[in-house]
There are 2 protein chains.
Amino acid sequence: MASGESPRTATLTDVARLAGVSIATASKAINGRAQVRAETRTRVLEAAEQLSFAPNAVARGLLQGRTGTVGLLTSDLEGRFSIPVLMGAEDAFGAGQVSVFLCDARGDAIREQHHIRALLSRRVEGLIVVGSRTDPRPPLTGDLPVPVVYAYAPSENPADISITADNVSAGGLAIDHLLACGRRRIAHVTGDASYAAAQDRARGAERAMKEAGMELVGGRTFFGSWSEGWGRGVASMILDQYPDVDGFFCGSDQIARGVLDSLRESGKDVPRAISVIGFDDWQVLTTNTRPQLTSVDMNLEQVGRLAARRLFEAIEGKAAGGIEELPCRIVTRESSVPVP
Amino acid sequence: MASGESPRTATLTDVARLAGVSIATASKAINGRAQVRAETRTRVLEAAEQLSFAPNAVARGLLQGRTGTVGLLTSDLEGRFSIPVLMGAEDAFGAGQVSVFLCDARGDAIREQHHIRALLSRRVEGLIVVGSRTDPRPPLTGDLPVPVVYAYAPSENPADISITADNVSAGGLAIDHLLACGRRRIAHVTGDASYAAAQDRARGAERAMKEAGMELVGGRTFFGSWSEGWGRGVASMILDQYPDVDGFFCGSDQIARGVLDSLRESGKDVPRAISVIGFDDWQVLTTNTRPQLTSVDMNLEQVGRLAARRLFEAIEGKAAGGIEELPCRIVTRESSVPVP
DNA sequence: CTGAAAGCGCTTACAG
DNA sequence: CTGAAAGCGCTTACAG
């Protein structure tokens, strides 16, 4: 059980010798090729079993010119957006017999280059680049011998294959949900205006209001920062200036938590008087607030899974450049229950 | 820039041909071996440059019997404990020219087996098994041909190499910190009693109190669940039953957040009247509470880094079984500022 | 049905 | 200093 001395990993030659056949025959027997007598096959399989032979995928790959590996290049492993994407991709590949090299560039271009070189020398068959913001990023440089798929953070080059979440539509979904709850005086408070995600959600929200023949409280989106503090502050300000506000669409769950805390302290009843919806569906926040928080889920695992699928296709030559935006969905909780 | 048609990756043969030398000489030139004329070396290097030749690490590995890869086996990628450990390990390996295969077993033993088989067939030189709880886990079965290091979740087999955080000492650290803040009536509220982490921290806390000649409020640790709700509830109960309580050591930041909310609603002044310390140093919680939360950091990246180092050593035959527990540290914030 | 041979891309003694 | 040869572990035509 302890990692004792290793008696040299068995090779196909060992198996062949033990079974008394050539290594060619041993290979065929083990790989289920047709042209092997049943009795011979059994003998080989038993020998393999006895030596706990595991075929060397490295050697096999060298011969076949394919390694069955891909590289997953992330810019930050702690990001709560990267991780789910990464999980989805890992899951999709794992099921398809592909092994995944993980590289964290830590947001550093030099380190990214270094990792790419290493991955290429290991002959990965493709790369997935996972980013932590939806703002388009510069594509990998130096035209690579393998296909690349950009996940969550799309490439600036529209000819590249990019998969991300549809934040514009998501903004509309959130507003539609609040409207469906009977709300009419809706405020949109969100994070840093320099984020494409913030802009996109706001655009979708504003459009949805317009289509409903209304406009957002204050006639605009309130940009700020992705923090509870901002949520608290802006909520109390809005409550003050627009006392008839009856819905808050928040650009993140953190902001929403701040908003909820603020409403609570102002004695406002959520969801009876005011509905609140967050964004990201981050469990630690959504299920611990009072009341629990309705939120928009970006389905990031799906983004990762689709990225894996697209990479597969690109590897097989069925590439199709362009950006795909996956739909988000609302996860309903107590903070937006329609109240008669 | 777009991944156009790949003109077949250049091989050493191509480089040799272009430079007009044998592949043996090309190999030596590229690898900086001494026995090559300077002029020849330049010619080879230029040819390599021109063809953007990248040596095939797979072929090289096959020859040398080492692949320069390791497997990182995690049980859950979403875990906020696994990720930092994983980051640390990835970082340590990346610096050492080792590439890392990532596998998420999703807590499923079957899937774990499947991944191990795949990794072994790819001839990884070692494995790091990352768990999400500090409870000892069953060791990998079927004696493996490569060394294994267990990170965060130690192996049940004391002969295996395990690295984890020293939760017992951490419990003592937290108490000592509260004592240093002048607190005497300290309560310890923590999570699920079935977790080794909860038990260990409680043990350390109780011992530290005893050594200071005191005992915890209520004469015991309050076990419950790892949630804000539990923190809120137990805090208000304690406040009720032991109104002289002046310090809370919480087994997690989530619990601490609940405690803080409860104290706040009861009109208690933190840190003036009561000091609070959490556990995990989870930014999203510690920096958004009012006041900001002092917490215990388990240095998980260090755990990952050390695990990588130990695996390195084990691969080189310098193995040393046993469990190593790394010290934790207090990150001081406003919730425990000593007040005169 | 079985096996000798060639070869994947590379490195390393060993002659010249 | 340079190159022919052997070989890492495997698979795949091609003979027998």
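Convention: sequence-line order gives letters A, B, ...; per-chain numbering from 1.
Using atom P as the reference point in both C:dG7 and D:dA4, the two lie 16 Å apart (nearest Å).
In this model, the phosphate group of D:dT2 is approached by a side-chain N or O of B:Thr40 to a distance below 4.0 Å at OP1 or OP2. Taking only side-chain nitrogens and oxygens, B:Ser27 comes nearer than 4.0 Å to OP1 or OP2 of C:dT11. At the phosphate of D:dT2, neither OP1 nor OP2 sits under 4.0 Å from any side-chain N or O atom of B:Thr25.
Distance, A:Ile23 CD1 to C:dC1 P: 21 Å, rounded to whole Å. For the pair B:Leu12 CG and C:dT12 C1', the interatomic distance rounds to 13 Å; values are reported in whole Å. Between the P atom of D:dC10 and the CZ atom of A:Arg60 lies a distance of 8 Å, rounded to the nearest Å. Rounded to a whole Å, the CZ atom of B:Arg33 is 16 Å from the C1' atom of C:dC14. Summarising the geometry, the separation between CG on A:Asn31 and P on D:dC10 is reported as 10 Å, rounded to the nearest angstrom. Following rounding to the nearest Å, A:Asn56 (CG) and C:dG9 (P) show an atom-to-atom distance of 16 Å. Straight-line distance from the CG atom of B:Leu62 to the P atom of C:dG9: 12 Å, rounded to whole Å. In this structure, the CD1 atom of B:Ile30 is 12 Å from the C1' atom of C:dG9, given to the nearest Å.
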Margin query: Only Watson-Crick and G-U wobble pairs with both distances less than 3.5 Å should count. Give DNA chain C in dot-bracket notation, marking inter-strand partners with |.
Written below: |||.||||||||.|||
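With hydrogens and angles left out, the side-chain atoms of B:Ser99 and A:Arg122 include a donor and acceptor closer than 3.5 Å. Side-chain contact check for A:Thr74 and A:Asp104: no donor-acceptor pair (N or O, by modelled atom type) lies under 3.5 Å.
Nucleic acid contact class of B:Val21 (heavy atoms, under 4.0 Å, all strands): sugar-phosphate only.
B:Thr25 is linked by a side-chain hydrogen bond (donor to acceptor under 3.5 Å, both in side chains) to B:Ser22, counting only residues two or more places apart in sequence or in another chain.
Taking the charged nitrogens against the carboxylate oxygens, B:Arg305 and B:Asp91 do have a contact shorter than 4.0 Å, which makes a salt bridge.
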Check: Would A:Arg33 and A:Arg41 count as a side chain to side chain contact (heavy atoms under 4.5 Å, CB included) if you check the C-alpha gap in whole Å, the side-chain angles of each, and the deciding distance to 0.1 Å?
Finding: CA-CA 10 Å; A:Arg33 294 278 172 283; A:Arg41 184 187 307 280; 5.8 Å; no
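Summarising the local packing, CD of B:Glu316 is surrounded by more than 12 heavy atoms from other residues, nucleotides or ligands at distances under 6.0 Å.
Summary of the strand contacts: A:Arg41 and B:Ala57 both lie near DNA chain C, and taking for each the nucleotide with the nearest heavy atom, the more 5' one is attributed to A:Arg41. DNA chain C is contacted by both A:Ala24 and B:Leu63; A:Ala24 maps to the nucleotide lying nearer its 5′ end (nearest heavy atom per residue). Comparing B:Gln64 and A:Gln35 by the nucleotide of DNA chain D whose heavy atom lies nearest to each, the residue mapping closer to the 5' end is B:Gln64.
Geometric assessment of B:Arg133 against the ring of B:Tyr195 yields a positive cation-pi assignment under the 6.0 Å and 45° thresholds.
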